[in-house]
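Beneath this line is the structure, given in structure tokens, with notes to follow.
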Amino acid sequence: MKLEEIQTPVTALSGVKDKTAAKLARLGVYTVGDLLAHYPRDWDDRTVRLPLAEYGSTGGQKVHTIAQVMAHLWFGYGKTRTLKIKIADETAEAELVAFNRPFLEKMLPVGAIIAVTGNFDYRYNAIQSTAFETELIAREGSLDSYGAAKVPGSGVFPVYPLTEGVTQGLLRPLIQQALHKYGRGIEGDTPSAILAKRGLMSKQDALWAIHCPRSYDEAQSARKSLIYEELYRFQCGLAKRVKERRALPPVVSKADFSPRQKKLLKLLPFTLTDGQLKAIAEINADIDAGYKSRNDRLTGEPEQGAAPVYTMARLLQGDVGSGKTMVAFFACLRTADWGGQSALLAPTEILARQHAENAAALLAPTGVRLAYLTGNLKAQGRGPLLKALAEGGVDLVIGTHALFSKAVQYRDLQLAIIDEQHRFGVLQRNAIIEKGRKPFAPHLMMMSATPIPRTLALTVFGDLDVSVIAQMPAGRLPIKTLLARMGNEQKVYDYVRRELAAGHQAYFVYPRIEETDEDDTPEPELAFAQRRLKGAEEMYAFLSGQVYPEFPAALIHSKTGEDEQAAILDGFKQGKIKILVATSVVEVGVDNPNATCMVIEHADRFGLAALHQLRGRVGRGSAQSYCFLVYGAALSETGKERMKALRETTDGFIIAEEDLRLRGPGEMSGIQQSGYLTLGIADPIRDRELLEMAREDVFENLPGGME
Ligand code: ADP
Ligand code: MG
């Protein structure tokens, strides 16, 4: 039987009444199967003796030793009177601070030999512990006779994720009980030949070993086996979809331009890049295949009613500034030419508005009917708009997440485009699919300018097709990235002044809106001035008042009202505002080809991906652009590497790989949150080697291989 098939409620375990069941429910544990799948997050290794002198060891293990009670001391008065037990083992003396445990005075008399396990720190001139466990071995005796003895209470103990009201003390015996009553005859998903090939444990063995390991190593291999299994199952799901897709009849599409696409092509002030053309051709073919298979289903004989319908699921990757929006527009026009509706979703109002403005300028002349929907749209305009969407009076709607809210209904949504997809953490694929015209699902196209490293995209988004725009529009010069240490800002400001004087524009970006004092600086001896974190507000006053009084400037951040934001960005785009002082709100969506300078102060406070995005705000025209990274005095090692990576390359794909390497496991934004992976014990980033292994094992036997 599979683990998840054990549907017996936890109340079947002895000692579990409603109250305990309610507590377990907070962990999402309802059945015995859930309980057994509540895996430890770590193990407390108490097999090895760790004497007092080795407290705070690098592995973070607890002290685990045999000691003698030397004295009892009391401090504090009344209710706060607290017992302090002085102990010593063969290596050091230490103190156990027994908050709320006065009874230990009697249990652990002076002279007693005791087993001690706990976290110790050096505080108040002593090695101290407040979180410890003890066990009496003998009421008196000499430590010498326990020199080589095993410490009582040895073993490897699971440490479970907890929640309010649920302690290790509750979970440990319960899970043991569940294991002994239900932990036999459990089957896994991975074929035994693969387990043997990869040297992994069977599901049942792994389950026992993860909850009651004989050694720390055994626990680790059990964990690895369970992670692998989860990833194997995940890859099987992907393989199934790939197989279905490959079984579809080949697409017969010339992938040339449809009528409205031709009109747009004529309107464009530039020629499309090869990368854009290729992506458009790929997407055209998908949309045509979708239309054709849908039509076959609708017009076909009833017995052929189950003919497969093709739905696109595509990731469009292209570096910041590579012109993804244009590709999206072409996709919407194709859809409109087939009589369907499209929705273009942007993560911020700024970006949605910008897309809507571009669409109004470029798409409206082709005859598509446009709408712009944001969360803030006043109620009166909203009603007619929603009505038009539901009745098919709109071909393309652009907006923020409101696009997929309950209130919004479409007549025939055929294409959903998600811009900056990594920003949509909670967005559920289902909410979008639901908006299609039943029983069909809309095509899904995701755009990402935070490139996902190739290796990862392949494994994590294994069920998506990927189009890549590899080159930038012609005539753009690579951005020059210059580093400056804090204290040298004046040189940067002077450099920028020359650009401004030549008629160009500049961004100044700060990590916070308001200035703050940093108390958590890694180097507290730094002068106050260096510890201060500049804020956008204060710097706006300084830059506009003292540094560049001759150039008009504006301030924009997340608290600036929506209308004001729009007015400021308009002013900036039209060149009335020369200097835009901002927080990272300008990270996406501001497109001004005349801006040639991006100054980022406290650059070390931003992530690599964010810096790359910010830098991408310049270099959008034909003039040489510059990015100045001003970093703090206390730059960490990874901080240095980040600055170096940015200086050395403008290729978002390389930066993404570097980001992954520097940030290490589990931190790559936009992959876990992308809604594609709802995994339990596995983490696709941390466990990417196992993920690739599982992929290899699954796809090896698939006709057509890994593609
Ligand atoms: P991103 O891929 O970062 O979303 P955008 O779609 O915002 O990039 O495009 C960046 C800028 O490049 C826009 O001003 C857009 O009009 C312009 N652009 C797009 N395609 C081309 C092209 N083929 N040639 C020149 N400029 C282009
Ligand atoms: Mg974009």
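Quantities reported herein were computed from a predicted structural model and do not represent experimental measurements. In each ligand, atom 1 is the first atom listed, and ligand 1 is the first ligand listed.
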Report task. Would you check if the distance from the ring center of Tyr310 to the ring center of Tyr291 is below 6.0 Å? Result -> no
**Report entry** Among Leu344, Leu315, Val327, side-chain contact (heavy atoms from CB on, under 4.5 Å) partner for Met445
**Finding:** Val327
For [atom], what's the nearest protein heavy-atom neighbour? Residue, atom name and distance, please.
| atom | answer |
| --- | --- |
| atom 7 (O) of ligand 1 | Arg620 NH1, 3.5 Å |
| atom 2 (O) of ligand 1 | Lys324 NZ, 2.7 Å |
| atom 3 (O) of ligand 1 | Gly321 N, 2.6 Å |
| atom 18 (N) of ligand 1 | Phe270 CZ, 3.6 Å |
| atom 20 (N) of ligand 1 | Gln276 NE2, 2.9 Å |

Report task. Let me know which of Lys534, Arg605, Glu601 forms a side-chain hydrogen bond (donor to acceptor under 3.5 Å, both in side chains) with Tyr510. Result -> Glu601
Please state which option from [options] has its nearest heavy atom closest to [atom].
| atom | options | result |
| --- | --- | --- |
| atom 25 (C) of ligand 1 | Gly275, Pro473, Pro269 | Pro473 |
| atom 15 (C) of ligand 1 | Thr325, Thr273, Asp591, Leu272 | Asp591 |
| atom 9 (O) of ligand 1 | Gly323, Ser448, Ser622 | Gly323 |

How many angstroms lie between atom [atom1] of [X] and atom [atom2] of [Y], to the nearest 0.5 angstrom?
| X | Y | atom1 | atom2 | value |
| --- | --- | --- | --- | --- |
| Phe330 | Ile280 | CZ | CD1 | 4.5 Å |
| Arg260 | Asp395 | CZ | CG | 5.5 Å |
| Lys578 | Asn594 | NZ | CG | 6.5 Å |

**Report entry** Ring-face cation of Arg498 near Tyr495 (centre distance under 6.0 Å, axis angle within 45°)
**Finding:** yes
Query raised in the report: Judged by non-hydrogen atoms, does Thr271 sit under 4.0 Å from ligand 1?
Result: yes
**Report entry** Those atoms of ligand 1 less than 4.0 Å from some heavy atom in Val320
**Finding:** 3 (O)
Query raised in the report: Is the number of heavy atoms from other residues, nucleotides or ligands within 6.0 Å of NZ (Lys573) greater than 12?
Result: yes
Report task. Pick one of side chain, backbone, both or neither for how Arg476 approaches ligand 1, counting any non-hydrogen atom pair under 4.0 Å. Result -> side chain
Report task. Record the part of Asp319 in heavy-atom contact with ligand 1 below 4.0 Å; permitted values are side chain, backbone, both and neither. Result -> backbone
